[in-house]
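One structure below.
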Amino acid sequence: MQQSERYAPFSLTPYEKWVVDEGLKVHTQQLVANIHTVETEPWERTGTSAALLDLSADPLDGALINNQGTIRFVCDIKPGGTFNIERHMYEEIFYVVKGRGATSVWYEGSPKHTFEWQEGSVFSIPLNAWHEIYNASGEDSVRLYGATNAPTAFNLYASPEFIFDSPLTFPDR
């Protein structure tokens with residue numbers, strides 16, 4: 001009987017290679033018992049501390065990331081800190097688990113739009129818009145729970161340069 005591709009030994013997908021290069025911690029589990037206590041590690045590029053949440057009911061042996069369509073993550077922004085400026089060719093939505101702050105969003109050559117948020121708020125970043133997320137407290141960290149379709153974008157384009165450096169904008173979205 002021939003082994004199906006799904007259960008064949010894995011090599012890393014483009015997304016998994018990026019996760020390894022970024023040094024991101026990955027929690028593979030079906031359930032997060034307490035979003036407040038998920039352990040994070042420094043994520044240098046973003047200036048935060050973060051962890052990916054691969055919420056898989058039946059993880060496959062050899063897979064770094066089981067869910068190759070969407071991924072969840074938590075990130076902590078230190079008091080008075082920021083989630084560094086970035087743009088990307090994947091969708092991203094945030095739920096504010098703890099703290100308060102503001103986010104600035106803009107396209108090249110257009111004005112910045114800044115809005116405030118607090119615990120319980122939800123906000124999303126427009127596709128490939130520049131954005132920076134600020135912690136408004138000088139004393140307490142912020143914890144954000146995010147969801148993205150980054151695995152799909154990385155596995156489709158296999159180019160971090162395209163994903164993070166494309167000049168394309170989508171103002172009609």
Side-chain angles (χ1 to χ4, degrees), residues 12-56 59 63-106 112-155 159-161 163-165:
L12 295 178
T13 66
Y15 181 69
E16 290 170 322
K17 289 176 186 171
W18 178 79
V19 167
V20 169
D21 289 346
E22 291 287 302
L24 285 166
K25 180 177 186 68
V26 179
H27 294 279
T28 301
Q29 58 203 52
Q30 183 178 7
L31 175 66
V32 174
N34 186 340
I35 196 71
H36 294 276
T37 61
V38 173
E39 291 182 32
T40 61
E41 294 180 358
W43 187 7
E44 185 179 333
R45 186 178 58 78
T46 67
T48 69
S49 184
L52 293 180
L53 304 174
D54 184 15
L55 305 177
S56 300
L64 175 63
I65 306 288
N66 289 272
N67 189 340
Q68 292 288 317
T70 60
I71 196 80
R72 308 309 182 262
F73 66 96
V74 293
C75 71
D76 298 317
I77 304 173
K78 65 185 177 190
T82 65
F83 188 115
N84 295 336
I85 296 171
E86 69 174 358
R87 67 176 173 185
H88 42 69
M89 294 292 286
Y90 54 84
E91 306 288 350
E92 188 169 45
I93 187 167
F94 290 98
Y95 170 76
V96 181
V97 175
K98 179 182 98 170
R100 61 185 178 81
T103 299
S104 291
V105 179
W106 69 97
K112 285 185 180 181
H113 299 280
T114 302
F115 57 91
E116 295 181 2
W117 43 260
Q118 63 188 4
E119 186 174 320
S121 297
V122 175
F123 62 93
S124 64
I125 305 299
L127 186 61
N128 209 31
W130 288 103
H131 56 282
E132 185 173 26
I133 304 171
Y134 313 94
N135 180 347
S137 172
E139 298 176 11
D140 299 313
S141 64
V142 162
R143 176 154 281 202
L144 301 174
Y145 172 76
T148 77
N149 64 344
T152 299
F154 275 90
N155 294 335
S159 171
E161 292 77 20
I163 290 168
F164 292 108
D165 296 329

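- The shortest distance between side-chain heavy atoms of Ile77 and Tyr134 does not fall below 4.5 Å.
- Here the CZ-OG distance, from Phe115 to Ser104, works out to 8.5 Å after rounding to the nearest 0.5 Å.
- Atom CZ of Phe154 is separated from atom OG1 of Thr148 by 8.5 Å, given to the nearest 0.5 angstrom.
- Taking the side chain as every heavy atom from C-beta outward, Pro126 and Val105 approach each other to under 4.5 Å.
- The shortest side-chain heavy-atom distance between Ile35 and Tyr95 does not fall under the 4.5 Å cut-off.
- Across all non-hydrogen atoms, the minimal contact from Asn67 to Gly69 is OD1-N, 3.1 Å.
- Dense packing is recorded around CD of Gln29, with more than 12 heavy atoms of other residues, nucleotides or ligands lying under 6.0 Å away.
- Taking each heavy atom of Leu52 and Phe73 in turn, the nearest pair found is CD2-CB, 3.9 Å.
- Tyr90 has its side chain out of reach of Thr152: every pair of non-hydrogen atoms, C-beta onward, lies at least 4.5 Å apart.
- Nearest heavy-atom pair, Tyr15 versus Asn155, reported as atom, atom and distance to 0.1 Å: N-OD1, 3.0 Å.
- Using cut-offs of 30° and 60° for the angle between ring planes, the Trp117 and Phe123 rings count as parallel.
- Pairs passing the side-chain hydrogen bond (donor to acceptor under 3.5 Å, both in side chains) check and including a residue from residues 120-130, sequence neighbours excluded, read Glu108-Trp130.
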Just do the side-chain contact (heavy atoms from CB on, under 4.5 Å) check on His27 and Arg72 with the steps written out, would you? CA-CA 10 Å; His27 294 279; Arg72 308 309 182 262; over 6 Å; no
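- Remark: side-chain polar atoms of His131 are paired, donor with acceptor, to backbone N or O of Glu86 under 3.5 angstrom.
- Atoms CZ and CG, on Arg45 and Asp21 in that order, are 11.0 Å from each other to the nearest 0.5 Å.
- The OG1 atom of Thr82 sits 9.5 Å away from the CG atom of Asn135 when rounded to the nearest 0.5 Å.
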Show your working on side-chain contact (heavy atoms from CB on, under 4.5 Å) between Val97 and Val74 and close with a plain yes or no. CA-CA 9 Å; Val97 175; Val74 293; 5.8 Å; no
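- Between the CG atom of Asp76 and the CH2 atom of Trp43 there is a distance of 12.0 Å, given to the nearest 0.5 Å.
- Within the 4.5 Å cutoff, the side chain of Leu144 has heavy atoms near those of the Val96 side chain.
- For the pair Lys17 and Leu12, the tightest heavy-atom approach, listed with the atom from each and the gap, is CE-O, 3.4 Å.
- Looking at Asp54 and Ile71, their side chains come closer than 4.5 Å, going by heavy atoms from C-beta outward.
- No side-chain heavy atom of Phe83 sits under 4.5 Å from any side-chain heavy atom of Val142.
- No donor-acceptor pair under 3.5 Å is formed between the side chain of Asn66 and the backbone N or O of Pro59.
- At least one donor-acceptor pair closer than 3.5 Å links the side chain of Glu16 to the backbone N or O of Ile65.
- Taking OG from Ser141 and NZ from Lys98, the interatomic distance works out to 3.0 Å, rounded to the nearest 0.5 Å.
- More than 12 heavy-atom neighbours from other residues, nucleotides or ligands sit within 6.0 angstrom of CD on Glu22.
- Scanning all heavy atoms of the two residues, the minimum distance from Cys75 to Ala50 falls at CB-CB, 3.9 Å.
- Closest non-hydrogen pair, Thr37 versus Arg143, comes out as N-NH1, 3.9 Å.
- Donor-acceptor pairing under 3.5 Å is lacking for the side chains of Thr40 and Lys25.
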